Number of protein chains: 2
Amino acid sequence: MAQLSDNIEQFIKELMSEDAHIELRRNELAQHFGCAPSQINYVLATRFSVDHGYIIESRRGGGGYVRIVRMQTRGEENLLESLLKRVGNSVDEETAGAIISNLYERKLVTKNEALLMKSAVSRNALALPISAKDVLRAAVFRNMLMQVFKNHEEAKRDDV
Amino acid sequence: MAQLSDNIEQFIKELMSEDAHIELRRNELAQHFGCAPSQINYVLATRFSVDHGYIIESRRGGGGYVRIVRMQTRGEENLLESLLKRVGNSVDEETAGAIISNLYERKLVTKNEALLMKSAVSRNALALPISAKDVLRAAVFRNMLMQVFKNHEEAKRDDV
DNA sequence: TGCTATAATAGTCAAAGATGGTCAAAAGAA
DNA sequence: TTCTTTTGACCATCTTTGACTATTATAGCA
């Protein structure tokens, strides 16, 4: 069942398919979808976070706007490094999920690989007290991240 | 006398006669049968479990759903079941690795996927006392195994 | 010109709403 | 009795809304 949030997400992604950044009016968009303006913030927070690979800028007042910018892809070595740093010793499921989605959007992993990674770091998989969960998730996730990049290096070598 | 559970089971199976996967609202279905919503979970647990050849996914909150996926081929269905049984509540790295290699040989996972799985269940990933390690590894592994089979079903669907 | 009030935006956060999950006790069947 | 089914209370998760707050541009006034 298509949720309002899903629809808004889709709408924004379509707008962004042409350009790497768009600017919109929060209130207009809310009116277009017949919802509370803060709904837009919810969608941005849950689907367009930095971990998802987007940056939000905005301005209030007359002529205000919300700008969504798709982060440019950095070099891969850099990316692995920064992702490992981001994950650190502890990471929650939401953040890990966002990062995985982002890897998929960057075509660094296939859909199946992404799903596999999500299943490995899911709540279900890590049956431990919550605090320990995040720590463990980080360890498993870091390992998989490194593997993703190894796979990728391997693939490039094969291409040649 | 046909039990409520039997009726619900039949109802779901009829829905699934056309498609290998359906999505339903737990509450709606419960209302349709005039029973407690948790009754649906009972039916799913007792008649649509992995060893019956089904996999259940769900989501809570607004727009939530329960999705039932039928494993299409007998051989694979048995395979997942027996693998899950073999893994059980505890599994060492070697055994997990052997199973993953086997999945690769059967072409149920790609090489990259296999490596990813190995990285998730490796010693390194599960930084815990050894005894707990095997238990945790089993949990993570079971989750990934189910995902592998879900991916496979998905792929078959896409082929069509 | 410089200041101020007002209008036009956007942000935050907590509460309410909408689902599904779990588990143990009660009820029913074998 | 013993096993299976059914129910209900309580929990977890995700979405939507609304009241209150913060910021900015601009028109009007001193």
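Chain naming here is simple, since letters A, B, ... match the order of the sequence lines and numbering starts at 1 in each. Source: prediction; values computed, not measured. Values below: every heavy atom of this structure, side chains too, minus hydrogens, waters and symmetry copies.
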Less than 4.0 angstrom between a side-chain N/O of A/N27 and OP1 or OP2 of C/dA10, yes or no? yes
_Can you tell whether the side chains of B/D92 and B/R137 come within less than 4.0 Å, N to carboxylate O?_
no
Q.
So does A/R123 get a backbone contact from the side chain of A/E93, meaning a donor-acceptor N/O pair under 3.5 Å?
A. yes
Residue pair A/T46/A/G63 against DNA chain D: nearer the 5' end by closest nucleotide is A/T46
A/R47 atom CZ is separated from D/dC14 atom P, nearest whole Å, by 10 Å
Using a distance-only criterion (donor-acceptor N/O pair, under 3.5 Å, no hydrogens), is the base of C/dG11 paired with the side chain of A/R26?
yes
- Task: Look at the side-chain N and O atoms of A/Y42 and state whether any lies under 4.0 Å from the OP1 or OP2 oxygen of D/dT15.
- Result: yes
ask   = When you check the phosphate oxygens OP1 and OP2 of C/dA8, does a side-chain N or O of A/R25 lie under 4.0 Å from one of them?
value = no
When you compare the side chains of A/R26 and A/N41, does any donor N or O come within less than 3.5 Å of an acceptor on the partner? yes
B/L4 CG to D/dT6 P, in whole Å, measures 4 Å
*Above 12 or not: heavy atoms from other molecules or residues under 6.0 Å from CD of A/E23?*
yes
Looking only at side-chain N and O atoms, does A/Q3 come under 4.0 Å of OP1 or OP2 in D/dT15? no
For C/dG21, does either OP1 or OP2 sit under 4.0 Å from a side-chain N or O belonging to B/S58?
yes
Taking C-beta and beyond as the side chain, do A/S5 and A/Q39 meet within less than 4.5 Å on heavy atoms?
-> yes
Nearest-nucleotide check on DNA chain D, B/R60 vs B/A36; residue mapping nearer the 5' end is B/A36
Touch class at under 4.0 angstrom, heavy-atom based, for A/G64 against every strand present
sugar-phosphate
To the nearest angstrom, the CZ-C1' distance between A/R59 and D/dT26 comes to 13 Å
Separation of C/dT19 atom P from B/I40 atom CD1, nearest Å, is 15 Å
Looking for any heavy atom pair under 4.0 Å, which part of the strands does B/N41 touch: base, sugar-phosphate only, or nothing?
base
Taken to the nearest whole Å, CD/A/Q39 to C1'/C/dG17 is 12 Å
Of B/E57 and A/G62, the one whose nearest nucleotide on DNA chain C sits closer to the 5' end is A/G62
Stepwise salt bridge (charged side-chain N to carboxylate O under 4.0 Å, His left out) test for A/D19 and A/R70:
CA-CA 9 Å; A/D19 238 321; A/R70 190 175 25 240; over 6 Å; no
B/D6 atom CG is separated from D/dT6 atom P, nearest whole Å, by 8 Å
Rounded to whole Å, the CD1-P distance (B/I8 to D/dT5) equals 11 Å
Quick one: which protein N/O atoms are closer than 3.5 Å to N/O atoms of nucleotides 23-25 of chain C? Pair and distance per line, please.
none

Between OH of A/Y65 and C1' of C/dG11 the distance, given in whole Å, is 15 Å
*NA contact type, A/R67, heavy-atom cut-off 4.0 Å: base, sugar-phosphate, or nothing?*
nothing
Side chains of B/Y54 and B/R47, heavy atoms from C-beta outward: is any pair under 4.5 Å?
no
Task: No-hydrogen, no-angle side-chain donor-acceptor test under 3.5 Å, B/T110 and B/N112 - done: no
